[in-house]
Amino acid sequence: MSRACLTIDLDALAHNYGVVRTAAGGAEISPVVKADGYGLGAGPIARRLWREGAHSYFVARLEEGEALREELGGLEADILVLDGFQPGEEERIDAAGLTPVLNTLEQARAYRGSGAVLHFDTGMNRIGLAVDEAASVIELGLPVRLVISHLSAAVDPGHPRNGRQLARFESVRRLFPGARASLAASAGIWLGEDYRFDLVRPGISLFGGGPREVPDPTLRAVARLEAPVLQVRDLSAGDSVGYGDMFTAPHEMRIAVLGAGYADGMLRRGAGRTQAWLNGAAVPILAVTMDLIAIDITSQPEPRHGQMAELLGPNILLDDLAAAVETAPHECLTRLSTRAQRVYAERSAILL
Ligand SMILES: *Cc1c(COP(=O)(O)O)cnc(C)c1O
């Protein structure tokens, strides 16, 4: 057994949903399960969140919406597609019962459904209608049910752009008095009541990422990646590990080689900056190659062959790992590949 194991803790997911629900006040929670549920499996994630009370979900791509509809079987979930739709995709949108988020005037003009969702850009400058296109949208007389926008600096509560985006969003949503409103993703939920409106769209916080991209002790790790010890070896001073000069031992050392690598989603640049968790202690990661990772166990008890070391999870926290390799926790999760064996863990055996 040399394969890494990715355990997806659905009870931790449910716990995080509860934390988000409390933080969201009375706002509806629409989990974001794009990119196959941040790499953790949109189907099992969405089904568990349904049992916790979620009834609407966001995905990014049409294909993700189609796959999620299939996964949800007979559940009458509202599935919103952030990309909207392109000419010719109307039939697929209808066939899967998806709600496109309308990002352009062309999409708004082509829309024939009974509950339009509009996305206005208020300062992110990615996709979305411009605020000054609102008048043209109003002329179309669409039955608008939800108006959304997205914050670009919500992880930093002191950033002046938050207030500017909020003011712009308030002015545009007032033009659609019958519609509900949504501005906050995970981080925005914690910016305060003003930012929460009728519906919030958390993604990363449901998976244990803190709203400030630093660990939040109230949230639990949902993804746990573990890899087995394949070999233990002793190094003399000057011995190198891995390719080229990835790591050179400054003195006598003992290392353990783990069966995971960058093909399992661990970043190569994590060498020298990140840690693994073994026998109740954090140990330095010295080298990361495609299939193998070397860790320093010089001052650790001898591990058993096959013993699992944690590379991400309740001890090696997502936000710490992301910060150490200078990326977003979202990127760390969505990189987890399908090579590791996947296990969905939950206490209750009742599965939908
Ligand atoms: C990805 C995304 C979200 C979720 O963001 P998190 O930071 O993971 O909570 C919400 N809204 C939109 C428009 C998004 O693109």
Just by modelled atom types, is the [Y] backbone N or O under 3.5 Å from a matching donor or acceptor in the [X] side chain?
X      : Y      : answer
Asp121 : Leu129 : no
Arg161 : Ala153 : no
His251 : Ala249 : no
Glu310 : Ile316 : yes

Note to self: Please tell me whether Gln307 and Asn279 have a donor and an acceptor in their side chains that are separated by less than 3.5 angstrom.
What the structure shows: yes
Notebook entry, point to check: Can you tell me if Arg168 and Ser149 form a side-chain donor-acceptor pair at under 3.5 Å?
Noted result: no
Margin query: Please say yes or no: joined through hydrophobic side-chain contacts below 4.5 Å, possibly via intermediate residues, are Trp50 and Ile79 part of one cluster?
Written below: yes
Assess whether a salt bridge exists between [X] and [Y], defined as any Lys/Arg side-chain N lying under 4.0 Å from an Asp/Glu carboxylate O.
X      : Y      : answer
Arg48  : Asp11  : yes
Glu63  : Arg92  : yes
Glu52  : Arg21  : no
Asp94  : Arg112 : no
Arg233 : Asp239 : no

Margin query: Can you classify the ring geometry of His330 versus Tyr38 as parallel (below 30°), tilted (30 to 60°) or perpendicular (above 60°)?
Written below: tilted
